[in-house]
Amino acid sequence: METDYNPMELSSNTGFEEDPEYKDIEGTDVKDMRLEAEAVVNDVLFAVSNMFVSKNLPCAEAVAYINVETRERNRYCLELTEAGLRVVGYAFDQADDGLQTAYHETVYSLLDSLSPAYREAFGNALLQRLEALKRDGQS
């Protein structure tokens, strides 16, 4: 099986640790949705064509927007809130208040519903990881 992603190369460092803009957040109970959105992007970027936190739509404590392009070349604007993730537009940086779409608890669930190629890439990455664990256990 072929995959564009090596699950052994995941980095837990998002680069925000040194950014002074985020220094005050550490140690508080407040969830900053921009940080959550960056974590979401880092988690699944391997399985989509393009994904990034919007710089044109407002991010705040309670909401952030993520642009994603699936491997099928479909573009979506996602809203991230405490309720979860949902599609709010069918183009980058497009948030249509009138669009009523279901919330998903996880980005995996949302992308699974939108992109068969995501599902395949995720499955391939999981299989590769399991095979690596099996090899490590046999050594």
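The model shown is predicted, which means the values in this text are computed figures rather than measured ones. No hydrogens, no waters, no symmetry mates; every other heavy atom, side chains included, goes into these values.
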Gap between atom OG of S115 and atom CG of N74 - 0.5 Å precision: 8.0 Å
Nearest-0.5 Å distance that lies between atom CD in Q138 and atom CG in L133: 11.5 Å
Rounded distance [0.5 Å steps], NZ in K134 versus CG in L127: 10.0 Å
Transitive ILVMFWY side-chain link Y103 to V88, under 4.5 Å: no
same_hphob_cluster(L99, L80) at 4.5 Å side-chain heavy-atom cutoff: yes
Donor-acceptor pair, side chain of T81 and main chain of V63, under 3.5 angstrom: no
Between N50 and N67, a side-chain donor and acceptor under 3.5 Å: no
Backbone N/O of L110 and side chain of S113: donor-acceptor pair under 3.5 Å: yes
Separation of Q94 CD from Y65 OH (nearest 0.5 Å): 12.0 Å
Heavy-atom side-chain contact between L78 and R86 under 4.5 Å: no
Approximate separation, where rounding is to 0.5 Å, of Y90 OH and D96 CG: 9.0 Å
T101 side chain vs V87 backbone, donor-acceptor pair below 3.5 Å: yes
hydrophobic_cluster_shared for V68 and M33, side chain cutoff 4.5 Å: yes
Donor-acceptor pair, side chain of Q128 and main chain of N124, under 3.5 angstrom: no
Side-chain touch V53/C59, heavy atoms, less than 4.5 angstrom: yes
Minimum-distance pair of heavy atoms, taken over all atoms of Y118 and A47: CD1-CB, 3.4 Å
Reported CD-to-OG distance for the pair E79 and S54, which is rounded to 0.5 angstrom: 12.0 Å
Verify same cluster id: L85, L45 (apolar side-chain graph, 4.5 Å): yes
side-chain contact (heavy atoms from CB on, under 4.5 Å) evaluation trace for M51 with I66: CA-CA 7 Å; M51 190 173 198; I66 301 169; 3.8 Å; yes
Backbone of Y108 reached by a side-chain donor or acceptor of D112 within 3.5 Å: no
Pair F92-Y76, ring pair (Phe, Tyr, Trp, His ring centres under 6.0 Å): steps then yes or no: CA-CA 6 Å; F92 286 172; Y76 302 94; 9.6 Å; no
Heavy-atom closest contact (A37 atom, A64 atom, distance): CB-CB, 3.8 Å
Shared hydrophobic cluster, V41 / L114 (ILVMFWY, side-chain heavy atoms < 4.5 Å): yes
Exercise: identify the closest heavy-atom pair between R71 and A117: CB-CB, 3.6 Å
